[in-house]
Amino acid sequence: MTWPATERYFPTAVPGGLGLVQDILNTAPSGGAAEADLLGDVAAAQDWISVALPTWAEKTGRTAVRLTLTEEDLPKLRQLREQLRRALHSRCGSTSGESESARSTSCALQVNLHGDAALTTEPEGEGWRWLTSAVLCEALLAQTTGEWRRLKICRNERCATAFYDRSRNNSGVWHSTRDCGNAANLRASRQRRRADAEAEPTPDVSGRA
């Protein structure tokens with residue numbers, strides 16, 4: 001089983017159910033690739049979720065769910081995706097300059113207490129409500145394990161894919177240092193050279209002493 005949206009960009013997959021959060025983020029087309037928006041129409045969204053949910057069930061040990069999406073679900077799911085993206089940007093100190101980044105998203109979630117004192121969670125609702133519940137449930141569980149802080153958006157705006165930072169000190173900012181990191185460093189180097197050249201004094205060619 002694979003995460004169909006994430007594998008388009010080959011970033012490192014995240015562990016367990018947090019992969020569902022990463023995958024809905026990566027349904028968006030990357031600015032650096034000619035990929036489709038997997039939430040752009042019902043057929044694409046249904047194809048995506050029909051693979052993503054069995055993967056989620058396998059990674060988490062949950063029962064597989066068959067979710068049927070409709071045209072009415074798509075705007076809500078795109079809104080959830082953008083809310084997640086803005087939240088991750090904000091957490092990393094990068095803001096889009098839009099006040100909506102401070103908005104919150106909520107959902108219904110079932111919490112079960114079992115006879116052995118174990119607590120389990122189950123998403124609730126139908127359509128976009130169920131998927132929102134599942135996504136935020138996995139984000140909440142990842143927050144308790146410390147994995148949530150490692151889910152990030154690539155700093156390269158032309159890429160902007162969601163990736164899992166496996167660096168020891170959680171300092172990664174690129175989904176790929178080789179691709180996005182090197183490209184950014186090269187642009188920065190060119191800008192510094194250009195600025196240095198513009199700052200150099202113009203030589204006096206008048207011939208005056």
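Following chains of ILVMFWY side-chain contacts shorter than 4.5 Å, one can reach W128 starting from W130, so the two form part of one hydrophobic cluster. Hydrophobic clustering of Ile, Leu, Val, Met, Phe, Trp and Tyr side chains at less than 4.5 Å, counting indirect connections, unites L67 with L77. Under the 4.5 Å side-chain heavy-atom criterion for grouping Ile, Leu, Val, Met, Phe, Trp and Tyr, V65 is connected to I49 within one hydrophobic cluster. Put simply, V14 and L88 are part of the same group of oily side chains (I, L, V, M, F, W, Y) that touch within less than 4.5 Å, one to the next.
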Trace of the side chain to side chain contact (heavy atoms under 4.5 Å, CB included) decision for L136 with L109
CA-CA 9 Å; L136 295 187; L109 181 65; over 6 Å; no
Output, in order, the C-alpha distance, side-chain angles, deciding distance and verdict of side-chain hydrogen bond (donor to acceptor under 3.5 Å, both in side chains) for W48 and D23.
CA-CA 9 Å; W48 164 67; D23 216 50; 2.7 Å; yes
Go through it in stages, so that I can follow the logic: the residues are L151 and L25, the test is side chain to side chain contact (heavy atoms under 4.5 Å, CB included), and I'd like the CA-CA distance, side-chain angles, deciding distance and then a yes or no.
CA-CA 10 Å; L151 184 62; L25 283 163; 4.2 Å; yes
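Considering only heavy atoms from C-beta on, R150 stays 4.5 Å or farther from L18 through its side chain. C154 is not listed as a side-chain neighbour of Y9, based on a closest heavy-atom distance of 4.5 Å or more. Side-chain contact between T68 and Q46 is present, with heavy atoms from C-beta onward closer than 4.5 Å. Considering only heavy atoms from C-beta on, K152 stays 4.5 Å or farther from Y164 through its side chain. Residues P123 and R62 form a side-chain contact, since some pair of their non-hydrogen atoms from C-beta on lies under 4.5 Å apart. Residues V21 and W148 meet the side-chain proximity criterion, which asks for heavy atoms closer than 4.5 Å. Contact of the E122 side chain with the N112 side chain is registered, since non-hydrogen atoms from C-beta on lie closer than 4.5 Å. Contact of the L131 side chain with the L80 side chain is not registered, since no non-hydrogen atoms from C-beta on lie closer than 4.5 Å.
When all heavy atoms of V51 and P54 are compared, the pair lying nearest together is O-CD, 3.3 Å. Minimum interatomic distance between E7 and P4 (heavy atoms only, all atoms of both residues): CG-O, 3.5 Å. Closest of all the heavy-atom pairs between I153 and A160 is CG2-O, 3.7 Å. Scanning both residues, E124 and A108, for their nearest heavy atoms gives OE1-CB, 3.8 Å. Smallest separation of non-hydrogen atoms from A43 and D41: N-OD1, 3.1 Å. For the pair A134 and L20, the tightest heavy-atom approach, listed with the atom from each and the gap, is CB-CD2, 4.0 Å.
For the pair S133 (side chain) and C107 (backbone), a donor-acceptor distance under 3.5 Å is absent. Side-chain atoms of R78 come within 3.5 Å of backbone atoms of L39 as a donor-acceptor pair (strictly under, hydrogens ignored). Put simply, the side chain of T55 gets close to the backbone of T2: a donor and an acceptor are under 3.5 Å apart. In this structure, the side chain of T27 does not engage the main chain of L38 through any donor-acceptor pair within 3.5 Å. Checking side-chain atoms of K76 against main-chain N and O of T132 turns up no donor-acceptor pair under 3.5 Å. Side-chain N or O atoms of R149 include none that pairs as donor or acceptor with a backbone N or O of N170 at under 3.5 Å.
The pair R86-E82 counts as a salt bridge, with a side-chain nitrogen and a carboxylate oxygen less than 4.0 angstrom apart. With salt bridges taken as basic N to acidic carboxylate O contacts below 4.0 Å, one links D37 and R81. Between E138 and K59 there is no salt bridge, since no side-chain nitrogen of the basic residue lies less than 4.0 Å from a carboxylate oxygen of the acidic one.
One distance of note links CZ of R85 with CD1 of I24; it measures 10.5 Å at 0.5 Å rounding. The distance from atom OG1 of T121 to atom CG of L141, rounded to the nearest 0.5 Å, is 4.5 Å. Atom OG1 of T6 is separated from atom CZ of F163 by 12.5 Å, given to the nearest 0.5 angstrom. The structure places OG1 of T120 at 7.5 Å from CD of Q110, a figure rounded to the nearest 0.5 Å.
Residues N26 and W3 have side chains that never bring a donor and an acceptor to within less than 3.5 angstrom of each other. A donor-acceptor pair shorter than 3.5 Å can be found between the side chains of D73 and T70. Checking S50 against R66 by side-chain atom types alone, a donor-acceptor pair falls below 3.5 Å.
In this structure, E126 places its CD atom where only 12 or fewer heavy-atom neighbours from other residues, nucleotides or ligands lie under 6.0 Å away.
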